[in-house]
Amino acid sequence: MLHSKAREATSSLVLEQRQKMGEGERFQLGTVGALTLSVVSSVSIVICNKALMSSLHFIFATTLTSWHLLVTFCSLHVALRMRFFEHKPFEQKAVVGFGILNGISIGLLNLSLGFNSVGFYQMTKLAIIPCTVLLETIFLGKRFSKRIQFALTTLLLGVGIATVTDLQLNAMGSFLSFLAVITTCVAQIMTNTIQKKYKVSSTQLLYQSCPYQAATLLISGPYLDKLLTGLNVFAFKYTTQVTVFIILSCLISISVNFSTFLVIGKTSPVTYQVLGHLKTCLVLAFGYILLHDPFSWRNILGILIAMIGMILYSYYCTLENQQKVVEASAQSSQTREGESDPLINVENGGALGSESVGQKSPVWSKNKD
């Protein structure tokens, strides 16, 4: 009787561990797919927008972003009607606040680029990672190991060497950059926490927040673009070529917006920012190879250092995730042992009273410590 129950407990534990391993493998495949989609779509849209703004002189970035979000919402609405995903409403205040904050952060990043030099704007983007780490540590109690911090420092150093050139400072530009960094960090942290708190998928969150993001930028976009460029987006001459590139940019943006929420939901805001710097390095490399942009040994050195930082970050994250899985399996195994011990005590004539509980308490105390 005892041996059969022990065998059942052991087989049940093995089956549970196999299921967890299967779920872990599916999660890893889903994460790799999300990261790949994010990189490919982001690099594609940067190349498309560069042609649109540099060659065709359509320089209305904020308004274009609002169109991206509008097209994304329309495509998600069609997908919902076709039952590709389910609508899952949750707290309306959280949706509205999150959507408006996302729209504001995009507008502030565009203003930061308009009021600062390109080098200072790159520094602004670099500041997002340490700011996110600081906010998550203070408000969410998250801990980053020293090796993760080292990898992130290496990454930021490399991207800084590759991208930062001139650092012209001005009061207005610095203030806008500060606001852009804070709002971007908070919005990306909220993307992760909302999905986990309300148990909604990235698609469901994007569908519900997209209208508020789009509305924020549709209203403010033309004014911001006129402030930055001195031109009116509605007075621009829309040729067939410009219209085709705008449509192409909007279609690619569906993948960009979807993969952004997907990556942050499956990983973390910090990992998404690391991925963003990988995209920057790839865009620089593609610009040199395909568009023959000017390139120097400093760019090459910076990209190489950044790639080392990214590889270290990926390696250390994988190690720590594996360690968490092992610890979770060990805890599960000890829990099963704790559940089966009373059967052994009964078989040996022991009572299931205070003595049995007293024997078990040191095990739980040790695990808790």
Side-chain angles (χ1 to χ4, degrees), residues 42 45-46 48-74 95-128 131 166 168-188 190-191 206 209-238 242-243 245-254 256-257 260-261 276 279-280 283:
S42 295
I45 202 168
V46 166
C48 179
N49 288 348
K50 188 170 184 179
L52 185 60
M53 294 182 181
S54 300
S55 303
L56 302 176
H57 309 293
F58 184 86
I59 52 177
F60 308 101
T62 308
T63 302
L64 180 62
T65 305
S66 69
W67 295 345
H68 288 169
L69 291 165
L70 192 61
V71 171
T72 299
F73 174 71
C74 293
V95 175
V96 175
F98 171 71
I100 293 175
L101 181 65
N102 255 308
I104 291 172
S105 70
I106 294 169
L108 285 171
L109 282 170
N110 288 338
L111 281 174
S112 174
L113 178 58
F115 278 86
N116 293 300
S117 63
V118 174
F120 191 81
Y121 176 72
Q122 290 295 341
M123 286 296 293
T124 298
K125 291 175 68 178
L126 290 177
I128 292 175
C131 182
D166 55 326
Q168 299 173 11
L169 301 177
N170 65 82
M172 178 60 75
S174 300
F175 178 67
L176 289 171
S177 293
F178 172 76
L179 292 178
V181 169
I182 295 298
T183 53
T184 301
C185 291
V186 173
Q188 291 180 358
M190 284 180 68
T191 302
L206 179 60
S209 63
C210 232
Y212 303 104
Q213 294 184 60
T216 302
L217 294 177
L218 280 170
I219 294 169
S220 62
Y223 297 103
L224 291 179
D225 286 331
K226 190 168 185 179
L227 176 66
L228 294 173
T229 65
L231 301 174
N232 188 345
V233 65
F234 301 110
F236 186 81
K237 185 179 179 181
Y238 292 88
V242 169
T243 305
F245 269 89
I246 289 174
I247 293 172
L248 180 61
S249 179
C250 288
L251 292 175
I252 299 173
S253 73
I254 299 171
V256 174
N257 291 324
T260 296
F261 280 61
K279 298 170 194 173
T280 301
V283 168

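From a predicted model like this one, the values you see are computed outputs, not experimental measurements.
Rounding to the nearest 0.5 Å gives a distance of 5.0 Å between CD1 of Ile100 and OG1 of Thr216. Rounding to the nearest 0.5 Å gives a distance of 10.5 Å between CG of Leu101 and CD of Gln188. From Leu109, atom CG reaches atom CD1 of Ile104 across 12.0 Å, with rounding to the nearest 0.5 Å. Of the inter-residue distances, the one linking Ile106 atom CD1 with Leu217 atom CG reads 5.0 Å to the nearest 0.5 angstrom. Separating the CG atom in Leu69 from the CD1 atom in Ile254 is a distance of 11.0 Å, to the nearest 0.5 Å. For the atom pair Asn110 CG and Phe60 CZ, the distance stands at 13.0 Å (nearest 0.5 Å).
Between Ser174 and Phe120, the closest side-chain pair of non-hydrogen atoms falls below 4.5 Å. Residues Val46 and Lys279 fail the side-chain proximity criterion, which asks for heavy atoms closer than 4.5 Å. Using a 4.5 Å heavy-atom cutoff, the side chains of Phe73 and Leu206 are not in contact. Residues Ser209 and Phe261 have side chains in contact (heavy-atom distance under 4.5 Å, counting atoms from C-beta outward). The shortest side-chain heavy-atom distance between Leu108 and Leu176 falls under the 4.5 Å cut-off. With contacts defined as side-chain heavy-atom distances shorter than 4.5 Å, the pair Val95/Tyr212 qualifies. Considering only heavy atoms from C-beta on, Thr260 stays 4.5 Å or farther from Thr191 through its side chain.
Here the side chain of Ser249 pairs no donor or acceptor atom with the backbone of Ile246 at under 3.5 angstrom. One N or O on the side chain of Thr183 and one on the backbone of Ala180 form a donor-acceptor pair closer than 3.5 Å. Listed for the Ser105 side chain is a donor-acceptor partner under 3.5 Å among the backbone atoms of Asn102. In this structure, Asn116 contributes its side chain and Tyr121 its backbone to no donor-acceptor pair below 3.5 Å.
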Test side-chain contact (heavy atoms from CB on, under 4.5 Å) applied to Gln213 and Thr72, step by step: CA-CA 11 Å; Gln213 294 184 60; Thr72 299; over 6 Å; no
Test log, rule side-chain contact (heavy atoms from CB on, under 4.5 Å), inputs Leu52 and Val242: CA-CA 7 Å; Leu52 185 60; Val242 169; 4.2 Å; yes
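Across every non-hydrogen atom of Gly221 and Thr63, the tightest pair is C-OG1, 3.4 Å. The two atoms that bring Val233 and Tyr238 nearest to each other are O-OH, 2.7 Å, heavy atoms only. Shown here for Asn257 and His68, the closest heavy-atom pair between the two residues is ND2-O, 4.0 Å. Minimum interatomic distance between Ile252 and Cys48 (heavy atoms only, all atoms of both residues): CD1-CB, 4.3 Å. Taking all atoms of both residues into account, the shortest heavy-atom contact from Ser112 to Thr124 is OG-OG1, 3.9 Å. Closest heavy-atom contact between Phe115 and Gly173: CB-CA, 3.9 Å.
Within 6.0 Å of the CZ atom in Phe236, the count of heavy atoms belonging to other residues, nucleotides or ligands exceeds 12.
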